[in-house]
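These numbers come from a predicted model, not from an experiment. Basis for what follows: all heavy atoms, side chains included, without hydrogens, waters or symmetry-related copies.
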Amino acid sequence: MKEQTLTPSEIESICSRAGLGRGDGAALIAPIVQSTSFCRENIGSDCAHQYSRVSNPTVAALEEALGQLEDAPPAVCFSTGLAAETALFLSVLRQGDHVVCSRYAYGGTTRLLQQLFPAFGVETSFVDPTDLAAVERAIQPATRLLFFETPANPTLEVTDLRAVCELGRAANVLVAVDNTFLTAALQQPLAFGADISVYSTTKYIDGHSAALGGALVSRDAQLLERIRFIRKSTGGIQTPFNAWLTLQGLKTLPLRLARQSESAATIARWLSRQSAVDAVYYPGLGSAQQRALAAAQHRGADGAVVSFDIVGGLDAGRTFVEALQFCRLAEHVGSVETLVTHPASMTHGDVPADQRAEIRITDGLLRLSVGLEPAEVIIADLERAFAALSAIGTGSGKEVVECPAVG
């Protein structure tokens with residue numbers, strides 16, 4: 001199986017030309033078709049679009065581009081990433097079914113599977129995806145879906161995509177991969193055998209904190225048809241304006257991610273030398289096995305998210321964040337601005353404390369979404385925050401150690 005079906009040049013070309021019209025008089029930029037309804041010539045006539053809850057020309061332009069990026073049919077776009085996940089679960093799960101999900105997953109995913117879908121008779125086992133034996137043991141006769149996020153949010157564990165997809169095929173179970181942090185520019189799950197790629201396009205694909213959205217990409221035409229039916233029935237389609245904004249962000253996606261990833265790697269190495277940091281989580285600084293997996297799966301870079309654990313827990317984390325003047329506190333990743341998040345109280349606030357502890361989301365863990373600013377400017381702001389910690393004695397005297405393994 002080819003691990004990457006498109007070259008970097010092909011991906012850059014698809015992104016830069018997303019939504020570009022064809023023929024004489026075609027619009028250079030896809031228009032915003034802000035119409036709820038579309039007219040027909042007569043009763044029974046066939047038309048591409050009828051009602052914007054079902055489909056829309058602007059949304060369709062984005063769907064075509066996202067599908068092309070993974071050598072797949074047009075994607076199915078949604079109002080948010082969680083709307084996309086919900087539609088996926090409604091499409092493939094029934095009462096009595098079972099899901100195997102990475103325990104290192106976005107808090108909203110955990111909330112859906114742990115608090116909402118049990119009411120419909122769907123149970124979930126949360127497993128360590130880096131332990132393939134544990135994944136295999138978790139698969140039951142009733143299992144219908146394996147759901148993984150790699151790199152994971154927020155501790156950046158890398159899952160062996162080929163291996164888990166082989167487990168899914170052997171058990172006749174669908175495999176879905178949340179590829180939000182890397183996008184198809186840096187990783188293509190379908191090329192490793194996954195059935196569905198899952199995206200919050202709100203993050204790196206839009207890239208400007210302007211448009212909510214989600215998408216599901218698959219090469220299975222029947223599955224896509226089922227997902228579109230669920231979207232039509234539940235009304236979760238993306239708005240035309242947000243689709244248009246996302247198309248504009250998509251045009252620069254590979255360039256943005258390349259610059260942001262380069263800065264993130266520099267900052268991760270710098271953080272690993274700070275005495276007030278207990279641990280740094282970044283694929284390029286992980287164990288030998290994690291680094292090998294990242295090299296095999298990632299297209300030349302490991303993404304723009306770095307997480308690090310501050311010595312001193314919640315109080316130290318609060319002091320650190322309040323001392324930042326350049327990096328902004330927000331529950332978000334993927335923007336052109338550098339953002340910091342406190343997962344325990346923000347993205348994973350609904351995850352029980354004991355479960356957070358199992359997956360190393362401590363009260364002192366901070367997640368950094370590295371933007372387009374120069375790395376030295378971001379580091380200078382982090383230095384200011386570390387100085388504030390030093391002034392109150394947090395982290396002083398800690399021996400600097402080698403950065404721990406991500407896995």
Hey, does the side chain of [X] reach the backbone of [Y] with a donor-acceptor pair shorter than 3.5 angstrom?
X      : Y      : result
Arg219 : Glu70  : yes
Arg256 : Val336 : no
Asp195 : Asp220 : no
Thr252 : Leu255 : no
Glu85  : Gly81  : no
Thr201 : Gly213 : yes
Glu10  : Thr7   : yes
Thr341 : Ala330 : yes

- [ ] Run through Val92, Leu88, Thr143 and flag the one making a side chain to side chain contact (heavy atoms under 4.5 Å, CB included) with Leu174.
- [x]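 Single side chain to side chain contact (heavy atoms under 4.5 Å, CB included) partner of Leu174 among Val92, Leu88, Thr143: Val92.
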State the [atom1]-[atom2] distance between [X] and [Y], to the nearest 0.5 angstrom.
X      : Y      : atom1 : atom2 : result
Leu69  : Leu190 : CG    : CG    : 11.0 Å
Leu253 : Ile11  : CG    : CD1   : 9.0 Å
Asn56  : Phe241 : CG    : CZ    : 13.5 Å
Arg231 : Gln238 : CZ    : CD    : 9.5 Å
Phe147 : Thr109 : CZ    : OG1   : 4.5 Å
Ser209 : Lys203 : OG    : NZ    : 9.5 Å

TODO: Answer with yes or no whether the side chains of Ser335 and Glu337 bring together a donor and an acceptor at under 3.5 Å.
DONE: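 There is such a pair (donor and acceptor under 3.5 Å, judged by atom type) between the side chains of Glu337 and Ser335.
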- [ ] Taking atom types as modelled, find out whether His332 and Ser369 have a side-chain donor-acceptor pair closer than 3.5 angstrom.
- [x]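 Side-chain D/A pair, His332 to Ser369: absent.
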TODO: Please name the residue in the list Thr150, Asp302, Asn179 that meets the side-chain hydrogen bond (donor to acceptor under 3.5 Å, both in side chains) test with Gln187.
DONE: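 By the side-chain hydrogen bond (donor to acceptor under 3.5 Å, both in side chains) criterion, Gln187 pairs with just one of Thr150, Asp302, Asn179: Asn179.
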Open item on the list: If we check side-chain hydrogen bond (donor to acceptor under 3.5 Å, both in side chains) with Thr338, which of these qualifies: Gln260, Arg328, Glu373?
Closed with: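 When side-chain hydrogen bond (donor to acceptor under 3.5 Å, both in side chains) is applied between Thr338 and each of Gln260, Arg328, Glu373, only Glu373 qualifies.
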Open item on the list: Ring-plane angle category for Phe386 and Trp270, please: parallel below 30°, perpendicular beyond 60°, tilted otherwise.
Closed with: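 Rings of Phe386 and Trp270: tilted, as their planes differ by 30° to 60°.
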TODO: Kindly state whether the ring of Phe320 and the ring of Phe308 have centres lying under 6.0 angstrom apart.
DONE: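 Aromatic pair counts; centres sit under 6.0 Å.
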